[in-house]
Amino acid sequence: MNTSAETADAAYMQSALGEARSAALAGEVPVGALLVVDGRVVATGGNRTVGDTDPSAHAEIVVLKSAAASLGNHRTGGTLYVTLEPCVMCMGALVQARIERLVYGALDAKAGAAVSLYRLAEDERLNHRFTVEGGVLAEESARLLGEFFAERRGRG
């Protein structure tokens with residue numbers, strides 16, 4: 001039986017998937033994210049690396065920048081929901097933002113820094129640690145990415 005926390009996580013991840021779909025429509029790798037602070041969604045976004053010509057414009061960074069501006073504090077805290085396991089750059093930003101909890105969808109075997117290649121959220125050498133929960137709507141997240149890249153390969 002699902003707990004209310006699992007139900008809430010799935011609902012927030014559905015919203016993150018909506019952001020990922022919007023990113024795909026813009027020609028971006030379909031990764032979406034949102035930040036929840038004190039039970040309130042404070043920022044949403046998707047990948048914008050191509051559109052912004054910015055290698056740092058991953059969905060997580062887009063959301064953290066927006067949330068920090070909205071909250072007036074670079075230490076946003078809260079729970080970040082993202083459709084794909086974050087990379088090293090994004091995990092570093094989550095540490096700096098003092099995220100309390102990360103919830104992600106699909107694993108990223110090639111670049112994931114939450115569990116796949118590194119476990120940065122629990123690294124005792126860093127000055128901040130946070131909990132990580134993966135696999136929330138993982139199949140849907142992975143399918144969206146797979147379809148995007150299959151379409152790209154078909155064009156090329």
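Heads up: numbering here begins at 1 and tracks the sequence. Predicted model, so just to flag it, every value in this text is computed and none were measured.
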Min side-chain heavy-atom separation Thr83-Met13 under 4.5 Å: yes

Least distance between heavy atoms, Cys90 atom then Pro86 atom: CB-CB, 3.9 Å

Stepwise side chain to side chain contact (heavy atoms under 4.5 Å, CB included) test for Leu117 and Val88: CA-CA 9 Å; Leu117 300 178; Val88 171; over 6 Å; no

Val62 with Tyr12, same ILVMFWY side-chain cluster at under 4.5 Å: no

Enumerate donor-acceptor pairs with a distance under 3.5 Å from any side-chain N or O in residues 70-82 to protein atoms, sequence neighbours excluded.
from  : atom 1 : to    : atom 2 : distance (Å)
Asn73 : OD1    : Arg75 : N      : 2.8
Arg75 : NH1    : Gln96 : O      : 2.5
Tyr81 : OH     : Asp9  : OD1    : 2.7

Minimum-distance pair of heavy atoms, taken over all atoms of Arg101 and Glu133: NH2-OE1, 2.9 Å

Non-hydrogen side-chain atoms of Glu60 and Met89 separated by less than 4.5 Å: no

Only distances under 3.5 Å count here; give the side-chain donor-acceptor pairs of residues 29-46 to other protein atoms, sequence neighbours excluded, each with its distance to 0.1 Å.
from  : atom 1 : to    : atom 2 : distance (Å)
Thr44 : OG1    : Glu19 : OE2    : 3.3

Value rounded to 0.5 Å, distance of CG in Leu120 from CZ in Phe130: 8.0 Å

Check: Leu94 main-chain N/O paired with His128 side-chain donor or acceptor under 3.5 Å: no

Heavy-atom donor-acceptor pair, Asn47 side chain to Ala59 backbone, under 3.5 Å: yes

Gap between atom CZ of Phe149 and atom CG of Leu144 - 0.5 Å precision: 10.0 Å

side-chain contact (heavy atoms from CB on, under 4.5 Å) partner of Val103, the single match among Val136, Leu137, Val132: Val136

CD-CG distance between Glu28 and Asp52, expressed to the nearest 0.5 angstrom: 7.5 Å

Least distance between heavy atoms, Thr49 atom then Pro55 atom: CG2-O, 4.0 Å

Electrostatic pair Arg21:Glu147 at N-O distance under 4.0 angstrom: no

Partners meeting ring pair (Phe, Tyr, Trp, His ring centres under 6.0 Å) with Tyr104 (sequence neighbours left out): none

Sidechain-backbone polar pair: Glu85 side chain, Val115 backbone, donor-acceptor under 3.5 Å: yes

Contact check, side chains of Asn127 and Arg98, non-hydrogen atoms, under 4.5 Å: yes

Inter-residue atom distance Ile61.CD1 - Cys87.SG, 0.5 Å rounding: 7.0 Å

same_hphob_cluster(Met91, Leu107) at 4.5 Å side-chain heavy-atom cutoff: yes

Cluster overlap Val50 with Leu145, hydrophobic side-chain contacts below 4.5 Å: no

